[in-house]
Protein chains: 2
Amino acid sequence: MARAGLTTERVTEAAAELADAVGFENVTVAALARSFGVKEPSLYSHVKNLKDLRERVALLAAGEMADRIAAAVAGRSGVDALAAFANAYRDYALTHPGRYAATQVRHDPAVVAASPAFARHVELTHAMLRAYRLEEPDLTDAGRLLRSSFHGYVTLETNGVFTHTREIRASWERGVAALHFLLENWSAASVRAGNV
Amino acid sequence: MARAGLTTERVTEAAAELADAVGFENVTVAALARSFGVKEPSLYSHVKNLKDLRERVALLAAGEMADRIAAAVAGRSGVDALAAFANAYRDYALTHPGRYAATQVRHDPAVVAASPAFARHVELTHAMLRAYRLEEPDLTDAGRLLRSSFHGYVTLETNGVFTHTREIRASWERGVAALHFLLENWSAASVRAGNV
DNA sequence: TACTTCGCCTATTGGTATTAGGCAACTACT
DNA sequence: AGTAGTTGCCTAATACCAATAGGCGAAGTA
């Protein structure tokens, strides 16, 4: 019997392709085996189980996304860097919905914590924020707010929560501009709000 | 054979309980039947299928969440209303992780669009924003940014993405204060950012 | 009490994840 | 080239889950 040339990398890559095509939740060992023209048990030599496969897809996507963001941000600073970061983030999520969904599900915290890809996201965020001259803990706080806003926006957008007739892209651009204003005036914004 | 007294409502409620206990993705017809002490096919008289069940849990959760937020915001305005909204949102998500996860997954857009629960979220957001005297399209843009930030924050928090030693709650409060500042200065923030 | 309705049952089918063990194809060494 | 060992994909089997069809007894109605 001719061999299919499976490797962990090729299986993970195919799973990512499948996720973008049919949705991350529909990535099954059976469907993946079919896409290779191979029987299901054959995949278990390359990935431990379905959970392992999904984690690998998530790490692959996080790494790819970090690459795109890094390329977009390179050579820019301030509002240019912020806009490049934000648009690279959203573009990746919209063009790779299955891979992006993989990064959304809750994985083993140990795997996430040990992953260089996720660490790069934090680093990229902090590098992009450098022009705003924030210091800790402002840097962490602002970074968390930014990533939350980006992540939340594309999630709500792809889940069809934004139903108003107002253009989704126009709202996005306005939101990014607003976040830029917020970062430039972060110290003024630090006055604690009532009984928060 | 004694009857178990199943109804669509009781089944949905039990599924929500189960989701909070074991995670939304682990809510199965089989596990739900076990929790009632009945056989699996018995549930199909009350819910159409698994997808239907999950949508019902999502709508239940969205409604409960809207109730909590409405109660928290009642009688408040401005920064008090914003903080009450934000904290009610986050508290619900953290205390009911399974139900909140149900609202995150992509459901049938027709079901979501026709749901009063999701419409109430938009209304509550707009009501809370009233004190900031925004007009369309600013109202929609600001509302989307707010909901994105809240949703993104609790999602990243529950998924264990925030690993820095900085307190997650402190960052949250700071983020809410920053959003308040942003809303108060929304028109100043409207200057379009470079090549966004 | 007889009849109807309806709730939960048994039986069954098909899909999926996962493990155990076998055989054939590739690799390396003589 | 021939052979030993390794590796890759296979068949077989188990267990769990979703979903449908049809039956039977319990609850409501005359």
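Numbers restart at 1 for each chain; the letters A, B, ... are given by sequence-line order, proteins then strands.
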Would you please test Tyr153(B) and Trp172(B) for ring pair (Phe, Tyr, Trp, His ring centres under 6.0 Å) and show each step?
CA-CA 8 Å; Tyr153(B) 199 95; Trp172(B) 167 259; 5.1 Å; yes
Starting from the C-alpha separation in whole Å, work towards a yes-or-no answer on side-chain contact (heavy atoms from CB on, under 4.5 Å) for Tyr44(B) and Val29(B).
CA-CA 9 Å; Tyr44(B) 286 90; Val29(B) 174; 3.7 Å; yes
List the steps, then state whether side-chain contact (heavy atoms from CB on, under 4.5 Å) holds for Arg90(A) with Ile168(A).
CA-CA 12 Å; Arg90(A) 179 164 173 263; Ile168(A) 290 176; 4.0 Å; yes
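The separation between Lys48(A) atom NZ and dA17(C) atom P is 16 Å, rounded to whole Å. Rounded to a whole Å, the CG atom of Asp52(B) is 16 Å from the C1' atom of dT20(D). In this structure, the CZ atom of Phe36(A) is 14 Å from the C1' atom of dG8(D), given to the nearest Å. The nearest whole Å value for the distance from the CD atom in Glu25(B) to the C1' atom in dC17(D) is 16 Å. Rounded to an integer number of Å, the gap from CD of Glu40(A) to C1' of dA13(D) is 13 Å. The distance between atom NZ of Lys51(B) and atom C1' of dC17(D), rounded to the nearest whole Å, is 18 Å. Between Leu50(B) atom CG and dT16(C) atom C1' the separation is 14 Å, expressed in whole Å. As a whole-Å value, the separation of Asn49(B) CG from dA19(D) P is 5 Å.
Cation-pi geometry between Arg99(A) and Tyr92(A) is not satisfied (NZ or CZ under 6.0 Å from the ring centre, within 45° of the ring normal).
Of the inter-residue distances, the one linking Ser187(A) atom OG with Asn185(A) atom CG reads 7.0 Å to the nearest 0.5 angstrom.
Using a 4.0 Å cut-off, no side-chain N or O of His46(A) falls inside it from OP1 or OP2 of dG8(D). The side chain of Arg34(B) contributes an N or O atom lying less than 4.0 Å from OP1 or OP2 of dC17(D). Ser42(A) has no side-chain polar atom (N or O) that falls below the 4.0 Å cut-off from OP1 or OP2 of dG8(D).
Listed nucleotides dT18(C), dT10(C), dC17(D) differ in distance to Pro41(B); the shortest reach to its side chain belongs to dT10(C). If you check dC10(D), dA18(D), dT18(C) against the side chain of Lys39(A), the one that comes closest is dC10(D). Listed candidates were dA19(D), dA17(C), dC8(C). Nearest to the side chain of Tyr44(B) is dA19(D). Distances from the side chain of Val29(A) to the nucleotides dT18(C), dC8(C), dA18(D) place dT18(C) closest.
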